[in-house]
Asker: 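This structure is in structure tokens; I'll ask about it shortly.
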Amino acid sequence: MGNSASAGTTLGRHGRMVAGHVRRRLFARLGSTGLVFAALFFLASLTPSLTPRVTAAQAVLSGLCLAAGYGVGVLLRWLWAYLELPLPGAAGEGRRRRAVFAACAAVAAIALWRSQHWENVVRALMHLEPAGLLRVPLVLAGAIVVALVAIVLGRAALMLVHAVMALVARRVPRRIARVAGAVAGVLLLVNLVNGVVFSAVLDMLDASYRQADALIPPDMQPPTVADSPGSAQSLVAWHELGRMGRRYVAARPTAGDIARFAGPAAKAPLRVYAGLPAGDTPEARAKLALEELKRVGGFSRKALVVITPTGTGWVDPSGIDGLEYLYRGDVASVAVQYSYLSSPLTLLVDPDTGGATARALFREVYGYWRTLPPERRPKLFLHGLSLGALNSERSFQLFELLEDPFDGALWSGPPFAASQWAALTRARQPGTPLWRPQFGDGSFVRFMNQDGDAMPAGTPWGPMRLVYLQYGSDAVTFFDRHGFFRRPELLHAPRPPDVSPSMRWYPVVTMMQMAMDTSLSMSAPMGFGHVYAPSHYIAAWLEVTGIDDWTPAEIDRLKRYLDGRRAEELSKSGEETVDG
């Protein structure tokens, strides 16, 4: 009995010693070299980038940059010692630490003082009010909390790797143990994060988005007109449209709305949508969408648009409203949902279904469209925003269209991962900028921004017209995966009109800034970032469609009206920020 009690006491004492050692390692005081780099990274994190940052976003970004800078400093000091280069002696260490701390505090103070100016430079460029003075202390407090949490988590990860290395060292030679143990520890850490933490977060988000997609607000009743999906006559039930499909179908303008700008001959446009509940496979949903499109008479209109929505199934109203007005309502559109997750999560969890769905829908619509006499069929266009643009690009191969090409496409805010956009951009004419390149003679594809395209007025088009609408301040499009170690090409002269001339490149930090910008791009004011204005869509659609029966004054009036209406909608609702 005494031996058991003694053993228990020994184990308890050993456990307390281990716990104390862990606490000391996790909460050890910060090293001087790490603090120096942390201060420099903190300063760089406050400089301008592509979009304005709300206080919370700036605090998170600056905190992560603080932690990253501290990690870089610790790594460099370890490397210095590993190479057996001379280090300062123990004498005077206290004075050195105080001097380093004072210098870092001074750098941080200067950075925070200048941060208001740097933030307001970007805000002024986008016609926003200056940031409030309370932002500075809130950013500092939030950044410190985020940095300390990140540093502790980083130390915990290193301790796990070292523990695995120690276990391996008991069985193999020391030098082999270091390499094998480090690799095994990193793999264990990655699997732990992916298999436990990441999976739990994804499951939670999946359940949340699924419930939101199925929710039908009590004030949103099924349509009563026969030519609308979700009506009693429709092949697609109201609950099968999904949340974004119901919004899209319910928001179509009436003939009277369009007649105010286009005259008494205006029609109500047709909008067809099939949500995820409408079929078990992309092919089934695409076939159902085609049958619904035929039922409502979509192929008897002047124009037909195949839309690929974003990850949640959202269709940007700015992108389709203007076209419906330009065609005086004589237009039909069709879209099929492929996910209810946000676009970044869709790319991460299921990157292939969007392309498969876009291809299935295009195959069904294009296949039927080709059977119609050319003089009796509508003009056929493709459209997509963001992830929708990426997947719409994937919906066809050019060699499939040689005999009978469709009429054109408008892709807005293509993500940096869009392969066709990237290939065309790389093949641009020498001397033209990344943000508004010129490809060939402009007869096949053109790139437009807030100021239109770079081609001379009257440049002829070929049989098929492709237009990319993109803003230089859109980090979704211009995020540079190599910005970690080299200056992004977007920052070369000449710069886009909506990118601050004060933006500079800093290793590591600029890439972190642009990564944050991608998440903030949908919260930018209309006409900047990833929020595309109806007036810019109208200019792009005029290029794609070749419509020329509106006077310049009528076009300007329509642009002002749709811009004003959309700005009012955005000011009342934050719904568009959920996708990206």
Side-chain angles (χ1 to χ4, degrees), residues 206-217 220-252 269-299 301 304-317 320 332-343 345-346 349-369 382-385 387-388 391-392 394-395 575 578-579:
D206 180 78
S208 174
Y209 276 104
R210 186 187 297 270
Q211 291 174 4
D213 189 67
L215 180 65
I216 302 178
M220 181 174 280
Q221 299 299 318
T224 56
V225 291
D227 64 359
S228 176
S231 66
Q233 298 81 9
S234 175
L235 303 176
V236 187
W238 184 235
H239 73 275
E240 292 177 336
L241 291 174
R243 178 170 63 115
M244 295 302 181
R246 289 188 288 271
R247 287 182 180 179
Y248 179 61
V249 168
R252 68 168 176 163
L270 300 173
R271 293 185 175 184
V272 171
Y273 195 99
L276 279 174
D280 295 330
T281 64
E283 292 75 18
R285 293 189 289 272
K287 288 180 183 296
L288 181 62
L290 173 64
E291 293 305 315
E292 178 73 356
L293 188 63
K294 290 158 65 174
R295 182 191 74 82
V296 300
F299 289 94
R301 296 298 176 102
L304 171 60
V305 189
V306 179
I307 300 175
T308 304
T310 62
T312 58
W314 179 63
V315 176
D316 185 1
I320 189 63
S333 59
V334 57
V336 170
Q337 185 182 18
Y338 52 88
S339 175
Y340 45 76
L341 297 172
S342 66
S343 291
L345 286 175
T346 301
V349 176
D350 191 7
D352 300 322
T353 301
T357 301
R359 179 151 182 79
L361 180 60
F362 177 79
R363 187 186 299 117
E364 293 292 336
V365 174
Y366 177 72
Y368 182 79
W369 177 80
L382 272 60
H383 173 55
L385 163 71
L387 186 58
N391 287 319
S392 183
R394 297 174 175 175
S395 65
E575 67 184 38
V578 303
D579 199 83

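Owing to the predicted nature of the structure, the values given are computational and were not obtained by experimental measurement.
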Asker: According to the ring pair (Phe, Tyr, Trp, His ring centres under 6.0 Å) rule, which pairs have a member within residues 269-297, sequence neighbours left out?
Answerer: none
Asker: List the atom of Ser395, the atom of Ala358, and the distance in Å for their closest heavy-atom pair.
Answerer: CB-O, 3.5 Å
Asker: Can you sort out the partners of Ala274 under side-chain contact (heavy atoms from CB on, under 4.5 Å), two or more places apart, ordered by chain and number?
Answerer: Ala278, Ala289, Val336
Asker: How close do Leu293 and Val334 get, heavy atom to heavy atom, and via which atoms?
Answerer: CD2-CG1, 4.1 Å
Asker: Taking it one step at a time, do Val306 and Trp369 satisfy side chain to side chain contact (heavy atoms under 4.5 Å, CB included)?
Answerer: CA-CA 12 Å; Val306 179; Trp369 177 80; over 6 Å; no
Asker: Kindly determine whether Phe299 and Val365 satisfy side chain to side chain contact (heavy atoms under 4.5 Å, CB included), including the steps that lead there.
Answerer: CA-CA 10 Å; Phe299 289 94; Val365 174; 4.2 Å; yes
Asker: Roughly how far apart are Asn391 CG and Asp352 CG, rounded to 0.5 Å?
Answerer: 9.5 Å
Asker: For the CG atom of Leu382 and the OG1 atom of Thr308, what is their distance to the nearest 0.5 Å?
Answerer: 6.5 Å
Asker: Restricting to salt bridge (charged side-chain N to carboxylate O under 4.0 Å, His left out), what partner residues turn up for Arg363, sequence neighbours left out?
Answerer: none
Asker: Looking at residues at least two apart in the chain, or sitting in another chain, which of them share a side-chain contact (heavy atoms from CB on, under 4.5 Å) with Ala237?
Answerer: His239, Glu240
Asker: To check you understand the geometry: which heavy-atom pair defines the closest contact between Ser234 and Pro229, and what is its length?
Answerer: OG-CA, 3.4 Å
Asker: Go through the structure and list residues passing salt bridge (charged side-chain N to carboxylate O under 4.0 Å, His left out) with Arg285, not counting sequence neighbours.
Answerer: none
Asker: Look up atom CG in Asp316 and atom OG1 in Thr310, then write down how far apart they are to the nearest 0.5 Å.
Answerer: 8.5 Å
Asker: Out of Arg271, Arg252, Arg295, which one pairs with Asp227 under the side chain to side chain donor-acceptor pair (under 3.5 Å) rule?
Answerer: Arg252
Asker: What distance do Leu361 atom CG and Tyr338 atom OH have between them, rounded to the nearest 0.5 Å?
Answerer: 12.0 Å
Asker: If you take all heavy atoms of Pro282 and Thr357, which pair is closest and at what distance?
Answerer: CB-OG1, 3.5 Å
Asker: Can a donor-acceptor pair be found between the side chains of Tyr248 and Ser333 at a distance below 3.5 Å?
Answerer: yes
Asker: Supply the atom-to-atom distance Gln233 CD to Thr224 OG1, rounded to the nearest 0.5 angstrom.
Answerer: 9.0 Å
Asker: How close do Leu288 and Leu235 get, heavy atom to heavy atom, and via which atoms?
Answerer: CD1-O, 3.7 Å
Asker: Is the side chain of Tyr368 donor-acceptor paired with the backbone N or O of Glu291 at a distance under 3.5 Å, no angle test?
Answerer: no
Asker: Within the distance-only criterion (no hydrogens, no angle test), does the side chain of Ser228 pair as donor or acceptor with the backbone N or O of Ser231 below 3.5 angstrom?
Answerer: no
Asker: For Val272 versus Val296, what's the shortest heavy-atom pair and its separation?
Answerer: CG2-CG2, 3.9 Å
Asker: Among all residues two or more places apart in sequence or in another chain, which pass the side-chain contact (heavy atoms from CB on, under 4.5 Å) test with Glu364?
Answerer: Ala286, Lys287, Leu290
Asker: Rounded at 0.5 Å granularity, tell me how far OG in Ser392 sits from CD1 in Ile307.
Answerer: 9.5 Å
